[in-house]
Amino acid sequence: MQIQDDWLATILCALNDSIKYNDTLRNSETVSDVEDIEEWLMQIFECKEYLQEEIVKNPELLSKLEKHFKI
């Protein structure tokens, strides 16, 4: 599968937003099963890590997207 370079920034931002949201949700008093959220967070982190590893292989792309690696 190939992802267009233009979409990578959008995907990274969406992953960052998802991490922030789910981390807040994990600490919420309304959640009954924190383990489910933690498992989901791990999957999101793994996905982001995979994308970062792929992007690092292309230095030009890395310089464009580097700012999106931070949460």
Side-chain angles (χ1 to χ4, degrees):
M1 171 174 55
Q2 289 192 351
I3 300 170
Q4 294 179 12
D5 293 351
D6 296 340
W7 284 100
L8 287 171
T10 303
I11 292 169
L12 288 169
C13 287
L15 289 170
N16 286 339
D17 288 347
S18 180
I19 290 167
K20 288 177 192 176
Y21 172 78
N22 283 285
D23 193 46
T24 302
L25 190 60
R26 182 177 58 118
N27 296 315
S28 169
E29 293 178 13
T30 60
V31 173
S32 59
D33 193 353
V34 175
E35 289 180 14
D36 280 346
I37 293 173
E38 289 174 345
E39 185 176 321
W40 178 239
L41 275 168
M42 286 303 300
Q43 290 179 5
I44 296 168
F45 276 116
E46 287 174 11
C47 179
K48 185 177 176 187
E49 220 171 75
Y50 170 77
L51 285 176
Q52 288 174 330
E53 289 170 4
E54 293 299 308
I55 290 167
V56 166
K57 294 175 184 177
N58 181 340
E60 185 179 312
L61 187 57
L62 175 62
S63 66
K64 280 193 219 175
L65 299 174
E66 207 165 24
K67 64 185 174 191
H68 299 292
F69 291 150
K70 296 182 176 103
I71 298 176

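Quick note: residue numbers are just sequence positions, from 1.
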4.5 Å side-chain heavy-atom contact, [X] and [Y]:
X	Y	answer
Lys48	Ile19	yes
Ile55	Leu12	yes
Leu51	Ile3	yes

What is the distance from atom [atom1] of [X] to atom [atom2] of [Y], rounded to the nearest 0.5 Å?
X	Y	atom1	atom2	result
Glu60	Asp5	CD	CG	8.5 Å
Ile44	Asn22	CD1	CG	4.5 Å
Leu62	Glu54	CG	CD	12.5 Å
Ile37	Ser28	CD1	OG	7.5 Å
Gln52	Lys57	CD	NZ	13.0 Å
Ser63	Asn58	OG	CG	8.5 Å

*Inspect the surroundings of CD in Gln43 and state if more than 12 heavy atoms from other residues, nucleotides or ligands are less than 6.0 Å away.*
yes
_Between Leu41 and Arg26, does the side chain to side chain contact (heavy atoms under 4.5 Å, CB included) criterion hold? Intermediate values first, please._
CA-CA 9 Å; Leu41 275 168; Arg26 182 177 58 118; 3.9 Å; yes
_Run the side-chain contact (heavy atoms from CB on, under 4.5 Å) test against Asp36 and tell me which residues pass, sequence neighbours left out._
Asp33
_Hydrophobic cluster membership, Val31 vs Met42, 4.5 Å side-chain cutoff_ = no
_Restricting to side chain to side chain donor-acceptor pair (under 3.5 Å), what partner residues turn up for Lys67, sequence neighbours left out?_
none
*When you check the gap from the basic side-chain N to the acidic O, do Asp23 and Lys20 get nearer than 4.0 Å?*
no
